2 protein chains.
Amino acid sequence: MSDQATHDRGATAQRILVDAAALFRRLGYERTTTREISEALGIRKASLYHHVSSKEDLLYEICLAALRDVEVGAQEAVAAAGDDPQDRLRAMVHGHTLAMLANVNFSHTMLTDMRSLSGERLQQVVALRDRYETWAEGLIAAGQKAGVVKSKHSAKQLTLGLFNMLNWTMFWYRADGDLTPDEVAELLGGIYFDGVFTG
Amino acid sequence: MSDQATHDRGATAQRILVDAAALFRRLGYERTTTREISEALGIRKASLYHHVSSKEDLLYEICLAALRDVEVGAQEAVAAAGDDPQDRLRAMVHGHTLAMLANVNFSHTMLTDMRSLSGERLQQVVALRDRYETWAEGLIAAGQKAGVVKSKHSAKQLTLGLFNMLNWTMFWYRADGDLTPDEVAELLGGIYFDGVFTG
DNA sequence: GTCTATAGGAGGATAGAC
DNA sequence: GTCTATCCTCCTATAGAC
């Protein structure tokens, strides 16, 4: 998790977020109890509330941190990639994947348990996600305009396909698995950009 | 839902599954209460238990039905496709996508809330899913052997990419949206097989 | 096959001492 | 900043009448 993510939080509050995200990924937000979170931290359940105002607050902070980290990771990679539309798209996939997998517990929680947020907070998280996806759609549209991305489908539809390819990864990625984050990015980008068929 | 899915269930029990799956997709399994399910059916909460032995039973039946429908849909499509490895892979994507979207509430619940099953039932559902994914991996491996699928990555890794591309669809697909199931299959297959870059 | 009533437990959150 | 004790609500599931 970036320092930026937590620059205004105490060290304990930050540990709570990290431990909670690990539990949320494993058990799901609704199934995880505040008692389990406190036990992971070695304190009593009531002590949590000195640092956090509610369980839903934890979810909210995790969603914001996850979205911000991926957005920053992808956009910095693209900014460093120069002007070539294909290079920019490859950089987006690489930056997105590395940021997502560096904090896979956060990304997983955000994508699958976002629905447990209530009212305004849900709308805010959805709006942030939509803003990011619209930015990605712009990269694809630029590629189409330059003639390097196929135009059989709209940029909107190709963006749906892009996030299909990227998002599901958190369900099977393991830090101790066969593939490094770089290799995952290379695999997914290779398929998305060039396909699996020869010729 | 296929008749096969439910040939040994009463009509009411089947309605309960359908209504429960719709609620589970919208709210999540853990958040959905038996009261909400019973209200969707127009009966009292206690009356549910005449048809179903527990809330978890509902989830279990939904997972089994979802897996079986997709597996049957994909395998029948492949059987009808003949011997060409590329045709067989295209048929798999088409059959899988149509079956998944025909019962998107079931597929969504299976893929996201499977983790709420306990013990033996979870293992059983995971084993069925793994069996299906291994079958799909075999189609890809056959394509590699025939030289029509790239061999830069292993069949296992290309299969991870395939289900990335397919599974996330249920998070955004809407029956009243822009795309028909056929168009979704064409979009996702087009990207997976041939990529989005020109040339 | 559906109902009313209730058991029995767990969950999130708070009060107030230390 | 952490603790013990407790409140209050809501949940799944069952009992037993109709």
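Keep in mind it's a predicted model, so treat the numbers as computed, not measured. Just so we're on the same page: letters track the sequence lines, and every chain starts at 1.
For D178(A), the CG atom is loosely surrounded, since the number of other residues' heavy atoms within 6.0 Å does not exceed 12. Counting non-hydrogen atoms of other residues, nucleotides and ligands closer than 6.0 Å to CG of D83(B) gives a total of 12 or fewer.
Residue T32(A) is classed as a sugar-phosphate contact, given heavy-atom separations below 4.0 Å to backbone atoms only. S54(B) comes within 4.0 angstrom of the backbone, heavy atoms only, and of no base.
When the P atom of dC3(C) is taken as reference, atom CG of L41(B) falls 11 Å away, rounded to whole Å. Atom CD in E36(A) sits about 13 Å away from atom C1' in dG12(C), given to the nearest Å. In this structure, CD of E39(B) is placed 13 Å from P of dC10(D), rounded to the nearest angstrom. To the nearest angstrom, P of dT2(D) lies 10 Å from CG of L48(A). Atom pair I16(A):CD1 and dA13(C):C1' shows a separation of 15 Å (rounding to whole Å applied). One interatomic measurement links the two molecules: CZ of R35(B) to C1' of dA5(C), which rounds to 12 Å at whole-angstrom precision. Counting to the nearest Å, the P atom of dA13(C) and the CD atom of E56(A) are 9 Å from each other.
There is a side-chain donor-acceptor pair under 3.5 Å between H96(A) and Y132(A). Side chains of T109(A) and D113(A): a donor-acceptor N/O pair is absent below 3.5 angstrom, by distance only. Between the side chains of T159(B) and E133(B), not a single donor N or O lies within less than 3.5 Å of an accepting N or O.
Ring planes of F171(A) and W168(B): tilted class, angle from 30 to 60°.
Position along DNA chain C of the nearest nucleotide to R31(A) versus S53(A) favours R31(A) as the more 5'-ward residue.
For I43(A), whose side chain is taken as the heavy atoms from C-beta onward, the closest listed nucleotide among dG11(C), dC3(D), dC11(D) is dC3(D). Of the listed nucleotides (dT2(D), dT2(C), dC11(D)), dT2(C) has the atom at the smallest distance from the side chain of H50(B).
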Please write out each protein N/O paired with an N/O of nucleotides 4-7 of chain D under 3.5 Å, distance rounded to 0.1 Å.
residue	atom	partner	partner atom	Å
dT4(D)	OP2	R44(A)	NE	3.1

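A sub-4.0 Å separation between OP1 or OP2 of dT2(C) and a side-chain N or O of H51(B) is present. Contact annotation: Y49(B) reaches the phosphate of dA13(D) (side-chain N/O to OP1 or OP2, under 4.0 Å).
The salt bridge (charged side-chain N to carboxylate O under 4.0 Å, His left out) check on D182(A) picks up nothing, with sequence neighbours excluded.
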